[in-house]
Amino acid sequence: QVQLVESGGGLVQAGGSLRVSCAASGSIFSISAMGWYRQAPGKQRELVAGISSGGSTNYADSMKARFTISRDNAKNTVYLQMNSLKPEDTAVYYCNARLRTSSSLYENVYWGQGTQVTVSS
């Protein structure tokens with residue numbers, strides 16, 4: 001019932017900026033939090049940032065100075081603004097959401113398909 005669709009990934013030069021977006025759609029009752037993770041080849045998936053419906057944010061320490069997460073609750077959309085990008089930021093970026101559907105009493109975590117971000121040196 002629920003889909004998370006990322007957009008905005010692509011190729012950018014080191015030092016540049018990129019904003020990725022993720023829109024949740026379907027029979028959604030409520031969303032308590034949305035976030036971004038990333039996974040580089042041969043590495044584990046890691047948290048980038050998360051944001052609650054109330055606006056509380058959480059960042060991985062290595063991302064905090066350069067990345068900003070925001071959301072538009074009315075559009076069920078989360079954004080990740082990435083500045084001063086480095087080649088080591090190259091990864092597939094995945095959106096996730098902790099939400100309750102209209103047919104469930106409990107929240108579950110859903111994942112998007114991922115979007116490739118490549119930073120050239």
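Scope of the values below: all heavy atoms of this structure, side chains included, with no hydrogens, waters or symmetry mates. Since we're looking at a predicted model, the values are computed, not measured.
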(Q) In this structure, would Tyr79 and Met82 fall into the same cluster of hydrophobic residues linked by side-chain contacts under 4.5 Å? (A) no
Q.
Would you say Val12 ends up clustered with Val92 if hydrophobic residues are merged whenever their side chains have heavy atoms under 4.5 Å apart, either directly or through other cluster members?
A. no
Would you say [X] and [Y] make side-chain contact, with heavy atoms under 4.5 Å?
X	Y	answer
Met34	Cys95	yes
Val78	Cys22	yes
Trp36	Val20	yes
Arg100	Leu105	yes
Tyr110	Thr101	yes
Ile28	Asn76	yes
Ser21	Glu6	no
Tyr93	Val48	yes

Spatial distance of atom [atom1] ([X]) from atom [atom2] ([Y]) [nearest 0.5 Å]:
X	Y	atom1	atom2	value
Gln13	Thr118	CD	OG1	13.0 Å
Arg66	Asn83	CZ	CG	9.0 Å
Phe67	Thr57	CZ	OG1	14.5 Å
Ser56	Ile51	OG	CD1	8.0 Å
Gln3	Ser25	CD	OG	5.5 Å
Leu85	Ser121	CG	OG	13.0 Å

Q: Look only at the side chain of Thr77 and the backbone of Lys75, and say whether a donor-acceptor pair between them is shorter than 3.5 Å.
A: yes
Q) Would a distance-only check, ignoring hydrogens and angles, find a side-chain to backbone donor-acceptor pair under 3.5 Å from Thr90 to Val119? A)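 Indeed, once roles are kept as given, a pair shorter than 3.5 Å links the two residues.
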Q: Could you go through the side chain to side chain donor-acceptor pair (under 3.5 Å) check for Gln81 and Ser70 one step at a time?
A: CA-CA 8 Å; Gln81 178 68 45; Ser70 61; over 6 Å; no
Q. Is the number of heavy atoms from other residues, nucleotides or ligands under 6.0 Å of Glu46 CD greater than 12?
A.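 Buried by this count: over 12 neighbours within 6.0 Å.
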Q: Step through the shown structure and confirm whether more than 12 heavy atoms of other residues, nucleotides or ligands are within 6.0 Å of CD on Gln113.
A: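 Counting other residues, nucleotides and ligands, CD of Gln113 exceeds 12 neighbours.
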Q: Indicate, with yes or no, if the rings of Tyr37 and Trp111 have centres closer together than 6.0 Å.
A: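 Yes, close enough.
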Taking all non-hydrogen atoms of both residues, which atom of [X] and which atom of [Y] are closest, and how far apart?
X	Y	value
Ala60	Leu47	CB-O, 3.3 Å
Ser53	Arg71	O-NH2, 3.2 Å
Ala91	Gln39	CB-O, 3.4 Å
Ala49	Leu80	CB-CD1, 4.4 Å

Q) Can Ile69 and Tyr59 be said to form a side-chain contact (heavy atoms from CB on, under 4.5 Å), step by step? A) CA-CA 9 Å; Ile69 190 169; Tyr59 296 89; 3.5 Å; yes
Q | Six-ring centre of Tyr94, Arg45 cation under 6.0 angstrom, axis tolerance 45° | A | yes
Q) Are Arg98 and Glu107 within salt-bridge range, i.e. N to O under 4.0 Å? A)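 Yes, Arg98 and Glu107 are salt-bridged.
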